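Down below is the structure, laid out as structure tokens.
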Amino acid sequence: YKIKLMIMVLLLLVIASLLGIILSKRIVLPIKKLTNLMKKVEQGDLSVQAEITSSDEIGYLARNFNLMIEHIKNLTGKVFEGSNNINITNEKLSSSVEKITTQASYINRNVNEIASAMEETSANTASLVFFFKPVLSPILAFICINEVIPVNMIIGILFILIGSIYTILCNIKLENSNLSCISNDN
């Protein structure tokens, strides 16, 4: 009876060991495959797909791995698209800056030419240059490059114009009174 019992126990141990080996291979092998796929993804290969061979936890893990890869692909695509959009916007911005710089140079050159021409005339005209030069720049910028003139700048321009007209009128009156004094002396 003891020998039969020992043979049965040995036989059960052998069967249990074989079942354990088979079950562990069934669990460990898919996990090893998934680990190898993860290493490929780590190296940048997003074309890998895990085989879903069961509907248990291992199959669930493989299915979620594939979903994760798809999300990474989508995110990578969005980042690439965003980068392209930034490059396009940067190129447009650079082009706009070049145009604005060219227009500003053109405006500055024209204002300086006007100032030079005005400086060659009388003192009254020279005072016009002093007062009108700050007025001309925003107006020319509005005309040439459609730059918006803020309300406070428009008010400032009006003050400059009023002050300029007042100064010019005072200078004309002063010159006329000096002329009449000179003619009365003769």
Side-chain angles (χ1 to χ4, degrees), residues 1-112 133-160:
Y1 177 75
K2 283 186 174 183
I3 294 180
K4 282 185 179 181
L5 185 61
M6 285 179 92
I7 292 174
M8 290 276 278
V9 168
L10 269 168
L11 191 59
L12 284 174
L13 280 174
V14 169
I15 290 173
S17 296
L18 288 174
L19 281 173
I21 291 170
I22 292 170
L23 286 175
S24 69
K25 281 191 176 184
R26 187 163 181 211
I27 292 171
V28 171
L29 188 62
I31 291 175
K32 280 187 176 182
K33 285 181 180 179
L34 197 55
T35 303
N36 289 335
L37 291 175
M38 285 180 188
K39 287 179 183 177
K40 288 182 179 181
V41 170
E42 184 181 326
Q43 295 170 353
D45 184 4
L46 296 178
S47 65
V48 297
Q49 286 287 310
E51 286 183 45
I52 303 172
T53 57
S54 64
S55 59
D56 59 1
E57 289 81 5
I58 302 295
Y60 178 77
L61 188 63
R63 192 171 25 266
N64 284 333
F65 176 81
N66 290 340
L67 287 173
M68 180 186 70
I69 296 299
E70 284 303 312
H71 287 301
I72 291 172
K73 285 179 186 178
N74 289 337
L75 286 174
T76 304
K78 287 178 183 177
V79 167
F80 183 72
E81 183 179 319
S83 176
N84 283 341
N85 289 341
I86 288 172
N87 287 338
I88 290 169
T89 302
N90 191 20
E91 289 172 8
K92 288 179 181 178
L93 185 59
S94 293
S95 175
S96 295
V97 166
E98 287 178 27
K99 288 178 184 177
I100 290 171
T101 302
T102 302
Q103 291 296 327
S105 175
Y106 173 74
I107 290 168
N108 189 40
R109 188 174 54 249
N110 285 338
V111 168
N112 286 335
K133 189 173 179 181
V135 173
L136 288 176
S137 292
I139 292 172
L140 287 174
F142 174 74
I143 292 169
C144 294
I145 60 174
N146 296 325
E147 184 176 313
V148 177
I149 302 174
V151 174
N152 61 345
M153 189 175 287
I154 292 172
I155 292 170
I157 289 170
L158 291 175
F159 276 124
I160 290 172

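These numbers come from a predicted model, not from an experiment.
Looking at every heavy atom in both residues, I143 comes nearest to N146 through O-OD1, 4.2 Å.
With values rounded to the nearest 0.5 angstrom, E98 atom CD is found 7.5 Å from T101 atom OG1. Atom CD1 in I88 sits 6.0 Å away from atom CG in N84 (nearest 0.5 Å). Here I58 contributes atom CD1 and R26 contributes atom CZ; the two are 9.5 Å apart, rounded to the nearest 0.5 Å. Remark: N66 CG to L34 CG distance equals 8.5 Å, nearest 0.5 Å. Atoms CG and CD1, from L93 and I86 in turn, are 12.5 Å apart once rounded to the nearest 0.5 Å. Taken from CD1 in I22 to CD1 in I27, the straight-line distance is 12.5 Å, to the nearest 0.5 Å.
Considering E70, K73, K40 in turn, K73 is the only one that fulfils the side chain to side chain contact (heavy atoms under 4.5 Å, CB included) rule with L46. The side chain to side chain contact (heavy atoms under 4.5 Å, CB included) test with I72 is passed by exactly one of N74, T76, L75: T76.
By the 4.5 Å heavy-atom criterion applied to side chains, D45 and Q43 are not counted as neighbours. You'll find the side chain of N85 reaches within 4.5 Å of the side chain of E81, heavy atoms only. Side-chain contact between I69 and F65 is present, with heavy atoms from C-beta onward closer than 4.5 Å.
With respect to E42 and K39, no salt bridge is recorded, no charged nitrogen being found less than 4.0 Å from a carboxylate O.
Looking only at distances, no side-chain donor or acceptor of S95 sits under 3.5 Å from a matching main-chain atom of E91.
Residue R63 places its CZ atom among more than 12 non-hydrogen atoms of other residues, nucleotides or ligands, all under 6.0 Å distant. Atom CD1 of I3 is surrounded by 12 or fewer heavy atoms from other residues, nucleotides or ligands within 6.0 Å.
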**Message:** Determine whether K33 and L29 satisfy the following criterion, side-chain contact (heavy atoms from CB on, under 4.5 Å), listing intermediate values before the conclusion.
**Reply:** CA-CA 6 Å; K33 285 181 180 179; L29 188 62; 4.3 Å; yes
